[in-house]
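In what follows, a structure is listed as structure tokens, so that the remarks can point back to it.
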Amino acid sequence: MNQNGNLTAILKQDFGIAPQYRHAPKQVTPGDPVETASAVLKWYALYSENQTVPDGIERLARSYLARTALEAKGFGFVILHRCGNDFYFLIVSTWRGNNEVWETVFYKDGDGMADFTLWPREGMHKPTF
């Protein structure tokens with residue numbers, strides 16, 4: 001298949017973005033760093049301009065990280081990402097292998113989940129880029 005044919009097929013079959021999705025500007029707010037037994041992590045909250053991360057969710061996320069045995073070691077950062085009304089990703093990233101970023105992803109989906117939990121996938125701390 002030529003390059004244009006491949007692009008056309010991807011756009012028709014697996015664009016990766018729902019047609020109704022509309023990107024909105026985001027805000028990022030740094031917070032106090034997180035220190036675990038094996039890592040020092042910068043903290044960032046990421047959210048739409050009109051939906052900040054509630055203090056209670058940030059406290060819950062920080063508490064979860066303090067109570068959870070992480071594979072993350074060394075230096076890195078945490079992103080608490082509010083997605084929509086009440087879905088949150090808690091992404092722990094560290095520098096590994098000289099120039100790689102590895103990540104562990106946790107999530108909380110609304111009031112039906114009392115706490116964050118590991119995003120289901122094989123392994124915990126994985127190379128990303």
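Side-chain atoms are counted along with the backbone in the values below, which use heavy atoms only and exclude waters and symmetry mates.
- Listed by first and then second residue, the side chain to side chain donor-acceptor pair (under 3.5 Å) pairs that reach into residues 66-75 are Ser63-Arg67, Arg67-Asp115, sequence neighbours excluded.
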Practice problem: Would you sort out whether Val92 and Phe106 count as a side chain to side chain contact (heavy atoms under 4.5 Å, CB included), showing the intermediate values? | Solution: CA-CA 8 Å; Val92 177; Phe106 304 98; 4.0 Å; yes
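- With sequence neighbours excluded, no residue forms a side chain to side chain donor-acceptor pair (under 3.5 Å) with Asp109.
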Less than 3.5 Å apart, which donor and acceptor atoms pair up between the side chains of residues 77-84 and the rest of the protein, not counting sequence neighbours?
| unit_1 | atom_1 | unit_2 | atom_2 | d |
| --- | --- | --- | --- | --- |
| Arg82 | NE | Gly84 | O | 3.2 |
| Arg82 | NE | Asn85 | O | 3.2 |
| Arg82 | NE | Tyr88 | OH | 3.4 |
| Arg82 | NH1 | Thr52 | O | 2.4 |
| Arg82 | NH2 | Asn85 | O | 2.6 |

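- Remark: the backbone N or O of Ala39 is paired with a side-chain donor or acceptor of Thr36 at under 3.5 angstrom.
- Annotation: Asp111, atom CG; neighbour count of heavy atoms from other residues, nucleotides and ligands within 6.0 Å does not exceed 12.
- Listed by first and then second residue, the salt bridge (charged side-chain N to carboxylate O under 4.0 Å, His left out) pairs that reach into residues 27-44 come to none, sequence neighbours excluded.
- The CG atom of Leu41 lies 7.5 Å from the CG atom of Leu70; values are rounded to the nearest 0.5 Å.
- In this structure Glu49 satisfies the side chain to side chain contact (heavy atoms under 4.5 Å, CB included) test together with Pro25, Gln27, sequence neighbours excluded.
- Applying the ring pair (Phe, Tyr, Trp, His ring centres under 6.0 Å) test to residues at least two apart or on different chains, none of the pairs has a partner in residues 35-55.
- Trp119 pairs by the ring pair (Phe, Tyr, Trp, His ring centres under 6.0 Å) definition with Phe89, Tyr107, not counting sequence neighbours.
- In this structure, Phe75 has no ring pair (Phe, Tyr, Trp, His ring centres under 6.0 Å) partners at least two apart in sequence or on a different chain.
- Here salt bridge (charged side-chain N to carboxylate O under 4.0 Å, His left out) pairs that include residues 52-64, with residues two or more places apart or in two chains, are Glu58-Arg62.
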Going by atom type alone, with no hydrogens or angles, which donor-acceptor pairs under 3.5 Å involve a side-chain atom of residues 98-105 and a protein atom two or more places apart or on another chain?
| unit_1 | atom_1 | unit_2 | atom_2 | d |
| --- | --- | --- | --- | --- |
| Glu100 | OE1 | Trp102 | NE1 | 2.9 |
| Thr104 | OG1 | His125 | ND1 | 2.6 |

